[in-house]
Amino acid sequence: MEGVPIRAARRGDIPSLLLLWEQMLKENAAADPRLEPHPRAREHMAAQFQAWLSDAQRIIVVAEEGGRLVIGYAAGAIVPGNGWQAPTTLGEITDCYVARPRRRQGIARRLVGRVIDQLFEKGVDTCRLQVGVHNEGSRAFWASMGWKPHEVVYERPV
Ligand SMILES: CC(C)(COP(=O)(O)OP(=O)(O)OC[C@H]1O[C@@H](n2cnc3c(N)ncnc32)[C@H](O)[C@@H]1OP(=O)(O)O)[C@@H](O)C(=O)NCCC(=O)NCCS
């Protein structure tokens with residue numbers, strides 16, 4: 001089965017990307033209040049999407065239904081390693097979101113696959129990402145594709 005077409009994001013997608021990104025933040029904050037976005041987060045992210053789209057180190061792909069409705073997206077970046085461990089350059093999956101009614105149809109798997117293919121073409125051989133510890137669905141998704149925990153981020157109020 002072919003499924004929903006996946007293509008590179010363009011400037012005209014920014015309003016849709018922002019809507020999906022806001023939904024992603026809402027879901028993440030519902031699972032863990034520490035992930036609540038600040039009041040100017042949308043403004044910040046609008047500028048980020050603009051910048052990412054013209055950055056050769058960044059990739060954004062969208063799943064578009066019916067030639068007009070963006071129902072999911074994934075984004076990745078090439079980032080430096082820490083400088084004292086291999087690899088010197090890493091891929092990072094920064095975002096991945098699929099609208100609730102379209103889940104469990106393999107769309108995120110295809111979106112991420114496309115980002116990873118492009119990161120690999122740009123010379124990356126290892127990718128990382130962060131996922132909320134309470135985000136059970138997402139953790140199951142990444143585990144289903146062979147991703148394994150690497151480091152655990154600890155936090156406490158001071
Ligand atoms: C995580 C997310 C991107 C998955 O999108 P999706 O399109 O439904 O994922 P896929 O259909 O490609 O799933 C592939 C496999 O991952 C696993 N999987 C996906 N979602 C799962 C869930 N909620 N629970 C358990 N396993 C899950 C399954 O093995 C699935 O294969 P199957 O449906 O044949 O069993 C989506 O649920 C989402 O947008 N969540 C909210 C945002 C978020 O948390 N983003 C990630 C931040 S890192």
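Residue numbers run from 1 in the order of the sequence given. Remember, it's 1-based here, ligands and their atoms both numbered in the order they're listed. Predicted model, so just to flag it, every value in this text is computed and none were measured.
- Contact check for W21 versus K26: no side-chain heavy atoms found under the 4.5 Å cut-off.
- Atoms of ligand 1 lying under 4.0 Å from at least one heavy atom of S144, given by number and element, are 15 (C), 16 (O), 17 (C), 29 (O).
- Protein heavy atoms are absent from the space less than 4.0 angstrom from atom 34 (O) of ligand 1.
- Heavy-atom neighbours of Q23 CD from other residues, nucleotides or ligands within 6.0 Å: above the threshold of 12.
- Looking from atom 23 (N) of ligand 1 to the surrounding protein, the closest heavy atom is G137 CA, 3.4 Å.
- Using a 4.0 Å cut-off between charged side-chain N and carboxylate O, R103 and E27 make a salt bridge.
- Considering every non-hydrogen atom in both A56 and K122, the closest pair reads O-NZ, 2.8 Å.
- If you check each of A63, A108, G106 against atom 3 (C) of ligand 1, the one with the closest non-hydrogen atom is A108.
- Put simply, the side chain of S138 never gets that close to the backbone of N135: no donor and acceptor are under 3.5 Å apart.
- Residues E22 and L25 fail the side-chain proximity criterion, which asks for heavy atoms closer than 4.5 Å.
- For atom 13 (O) of ligand 1, the closest non-hydrogen atom on the protein side is F141 CD1, 3.7 Å.
- Interface of N28 with ligand 1, defined as ligand atoms under 4.0 Å from a residue heavy atom, comprises 44 (O).
- Atoms of ligand 1 lying under 4.0 Å from any heavy atom of E27, numbered from 1 in the order shown and given with element: 41 (C).
- Residue contact check: W142 has heavy atoms under 4.0 Å from atoms 48 (S) of ligand 1.
- From the protein, the heavy atom lying nearest to atom 37 (O) of ligand 1 is R103 CD, 3.3 Å.
- Considering each of R109, M145, R110, the one bringing a non-hydrogen atom nearest atom 31 (O) of ligand 1 is R109.
- Side-chain atoms of W147 and V131, non-hydrogen and from C-beta on, never get closer than 4.5 Å to each other.
- Near N135, meaning under 4.0 Å from any of its heavy atoms, are these atoms of ligand 1: 43 (C), 44 (O).
- Scanning all protein heavy atoms for the shortest distance to atom 8 (O) of ligand 1 gives R104 N, 2.8 Å.
- Nearest protein heavy-atom contact of atom 42 (C) of ligand 1 is Y97 CD1, 3.4 Å.
- Among all protein heavy atoms, the one lying closest to atom 26 (N) of ligand 1 is A140 CB, 3.4 Å.
- Of the possible donor and acceptor atoms, none in the side chain of R114 sits under 3.5 Å from a partner among the backbone N and O of R109.
- Among the atoms of C96, some N or O lies under 3.5 angstrom from an N or O of ligand 1.
- Neither the backbone nor the side chain of I93 has any atom closer than 4.0 Å to an atom of ligand 1 (non-hydrogen atoms only).
- Salt bridge R7/D13: present, at least one basic N to carboxylate O contact under 4.0 Å.
- Atom CZ of R40 has 12 or fewer heavy atoms from other residues, nucleotides or ligands within 6.0 Å.
- In summary, the atoms of ligand 1 found under 4.0 Å from a heavy atom of Q105, numbered by their order in the structure, are 11 (O).
- In terms of polar-atom proximity, V98 is counted as a contact of ligand 1, with an N or O under 3.5 Å from an N or O of the ligand.
- Taking distance alone, with nitrogen or oxygen atoms compared against 3.5 Å, Q130 stays at or beyond that limit from ligand 1.
- The side-chain contact (heavy atoms from CB on, under 4.5 Å) test with I78 is passed by exactly one of I59, D55, T89, L90: T89.
- Contact annotation: the side chain of V115 approaches that of I93 to within less than 4.5 Å [non-hydrogen atoms, C-beta and beyond].
- Of all protein heavy atoms, the one lying nearest to atom 46 (C) of ligand 1 is S138 OG, 3.2 Å.
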